[in-house]
Amino acid sequence: QVQLVESGGGLVQAGGSLRLSCVASGSILRINAMGWYRQAPGKERELVATITSSGSTNYADSVKGRFIISRDNAKNTVHLQMNGLKPEDTAVYYCHGRLIIWGVFNELEYWGQGTRVTVSP
C-alpha cells in the first residue's frame with residue numbers, strides 16, 4: 001500500500017509564507033516525479049509545481065518567482081515553499097506522485113488527501 005501524506009497547511013496573511021511537505025511511503029521502487037496541485041472552491045484542480053527525480057522543475061505561471069519546489073529523494077519527500085502568498089492562492093493543496101511500486105512495472109499515479117491553505121487579505 002502506498003500513501004502520500006501532506007502537512008504544513010494553515011492560515012496566513014497575505015504576503016506571508018508557508019511550507020508544505022509530502023512524504024511518500026509504502027512499497028515504492030522508484031519515484032519518477034512528485035508535485036503539487038491545488039483546487040480552489042468552485043474551480044478545477046490545477047497544477048502548481050512538479051519536480052522529477054533528476055530535479056527538473058515546472059511551475060504554473062501564477063506561482064513562478066514565489067513558490068519553490070524541492071525534493072529529498074532519500075526520504076521520498078517533496079516540499080513546497082510558498083512565499084509572497086496572495087488571497088488567490090487559497091485552496092486545498094494536493095501532493096501528487098508518479099511512482100513505480102514493487103510487483104507492478106507500470107507507472108502509477110497517487111494522490112494525497114490534501115491540506116488546506118487559506119490566505120487572508
Side-chain angles (χ1 to χ4, degrees):
Q1 184 179 1
V2 174
Q3 283 188 313
L4 302 182
V5 179
E6 303 105 332
S7 61
L11 173 65
V12 65
Q13 288 188 329
S17 298
L18 282 175
R19 187 174 189 244
L20 305 183
S21 297
C22 173
V23 180
S25 63
S27 302
I28 299 169
L29 176 61
R30 186 174 71 244
I31 298 178
N32 289 336
M34 295 186 77
W36 294 91
Y37 288 71
R38 67 186 181 187
Q39 188 166 17
K43 295 187 177 180
E44 294 186 353
R45 191 173 297 189
E46 63 177 4
L47 169 74
V48 177
T50 61
I51 185 167
T52 67
S53 58
S54 62
S56 295
T57 58
N58 180 48
Y59 294 93
D61 288 342
S62 59
V63 307
K64 282 181 181 177
R66 299 188 297 124
F67 292 9
I68 301 172
I69 189 169
S70 61
R71 178 170 170 174
D72 185 337
N73 289 334
K75 296 181 179 180
N76 289 345
T77 299
V78 64
H79 304 286
L80 185 68
Q81 178 66 41
M82 305 186 293
N83 302 318
L85 283 161
K86 304 175 181 180
E88 51 263 45
D89 294 317
T90 295
V92 177
Y93 284 70
Y94 296 91
C95 180
H96 175 262
R98 293 194 284 118
L99 316 177
I100 307 292
I101 64 172
W102 287 100
V104 180
F105 297 101
N106 293 327
E107 183 181 88
L108 300 177
E109 291 188 79
Y110 290 88
W111 293 91
Q113 80 286 354
T115 185
R116 185 173 301 275
V117 172
T118 303
V119 184
S120 62

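These values consider heavy atoms only, across backbone and side chains, with no hydrogens, waters or symmetry-generated copies. Everything numeric here is computed off the predicted structure, so don't read it as measured data.
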**Q** Do V5 and S25 have side-chain heavy atoms sitting under 4.5 Å apart?
**A**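 No; the side chains remain at least 4.5 Å from each other.
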**Q** Quick check: are there more than 12 heavy atoms from other residues, nucleotides or ligands sitting under 6.0 Å from CD of E88?
**A**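 More than 12 heavy atoms, drawn from other residues, nucleotides or ligands, come within 6.0 Å of this atom.
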**Q** How far does CD of Q39 sit from CZ of R116, to the nearest 0.5 angstrom?
**A** 10.0 Å
**Q** Report yes or no: do L4 and I100 belong to one cluster of Ile/Leu/Val/Met/Phe/Trp/Tyr joined by side chain heavy-atom distances under 4.5 Å?
**A**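 In one cluster with L4: I100, no.
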**Q** Tell me whether W102 at atom CH2 has more than 12 heavy atoms from other residues, nucleotides or ligands lying less than 6.0 Å away.
**A** no
**Q** Strictly by modelled atom types, are N83 and S17 linked by a side-chain donor-acceptor pair under 3.5 Å?
**A** yes
**Q** Any chance you could measure R71, atom CZ, to I51, atom CD1, to the nearest 0.5 Å?
**A** 6.5 Å
**Q** I need the Y94 OH to T115 OG1 distance, nearest 0.5 Å.
**A** 10.0 Å
**Q** Tell me whether E6 contacts the main-chain N or O of G114 through its side chain, where contact means a donor paired with an acceptor under 3.5 Å.
**A**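 Side chain of E6 to backbone of G114: a pair is present.
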**Q** Given the rule that I, L, V, M, F, W and Y join up when any side-chain heavy atoms are under 4.5 Å apart, are I31 and Y110 in one cluster?
**A** yes
**Q** Which heavy-atom pair separates P121 from A14 by the least distance, and what is that distance?
**A** C-CB, 4.2 Å
**Q** Hydrophobic cluster membership, with links at side-chain heavy-atom distances under 4.5 Å among I/L/V/M/F/W/Y: are L47 and W111 in one?
**A**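 Yes; tracing contacts between hydrophobic side chains, which count when under 4.5 Å, links both residues.
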**Q** Determine the sole option in N58, V63, V48, T57 for which the side chain to side chain contact (heavy atoms under 4.5 Å, CB included) test with I69 is passed.
**A**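 Testing each of N58, V63, V48, T57 against I69, the sole residue satisfying side chain to side chain contact (heavy atoms under 4.5 Å, CB included) is T57.
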**Q** To the nearest 0.5 Å, what is the distance between OG (S120) and CD (Q13)?
**A** 4.5 Å
**Q** Rounded to the nearest 0.5 Å, how far does CD1 of I68 lie from CZ of R19?
**A**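 So the CZ of R19 and the CD1 of I68 are separated by 10.5 Å.
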**Q** Indicate, with yes or no, if L99 and L29 share a hydrophobic cluster defined by side-chain heavy-atom contacts under 4.5 Å among Ile, Leu, Val, Met, Phe, Trp and Tyr.
**A** no
**Q** Say whether, by atom type as modelled, one donor and one acceptor occur between the side chain of T118 and the main chain of T90 under 3.5 angstrom.
**A**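 Not at all, since once roles are kept as given, no pair shorter than 3.5 Å links the two residues.
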**Q** Could you tell me whether the side chain of V2 reaches within less than 4.5 Å of the side chain of L108, counting heavy atoms only?
**A**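 The answer is no, as the side chains (C-beta and beyond) never meet within the 4.5 Å cut-off.
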**Q** Please verify the inter-ring angle class for F67 with Y93; under 30° counts as parallel, over 60° as perpendicular, anything in between as tilted.
**A** tilted
**Q** Considering non-hydrogen atoms only, spot the tightest contact between W36 and S21 and give its length.
**A** CH2-O, 3.6 Å
**Q** Rounded to the nearest 0.5 Å, what's the gap from CE on M34 to CG on D72? Could you check?
**A** 10.5 Å
**Q** Under the salt bridge (Lys or Arg N to Asp or Glu O under 4.0 Å) rule, what do D89 and K86 come out as? Steps first, then yes or no, please.
**A** CA-CA 5 Å; D89 294 317; K86 304 175 181 180; over 6 Å; no
**Q** Look at the side chain of R98 and the backbone N and O of N32, then say whether any donor-acceptor pair between them is shorter than 3.5 Å.
**A**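 Not confirmed, R98 side chain does not pair with N32 backbone.
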**Q** Is it possible for you to say whether L85 and Y37 belong to one hydrophobic cluster, with membership spreading through side-chain heavy-atom contacts below 4.5 Å?
**A** no
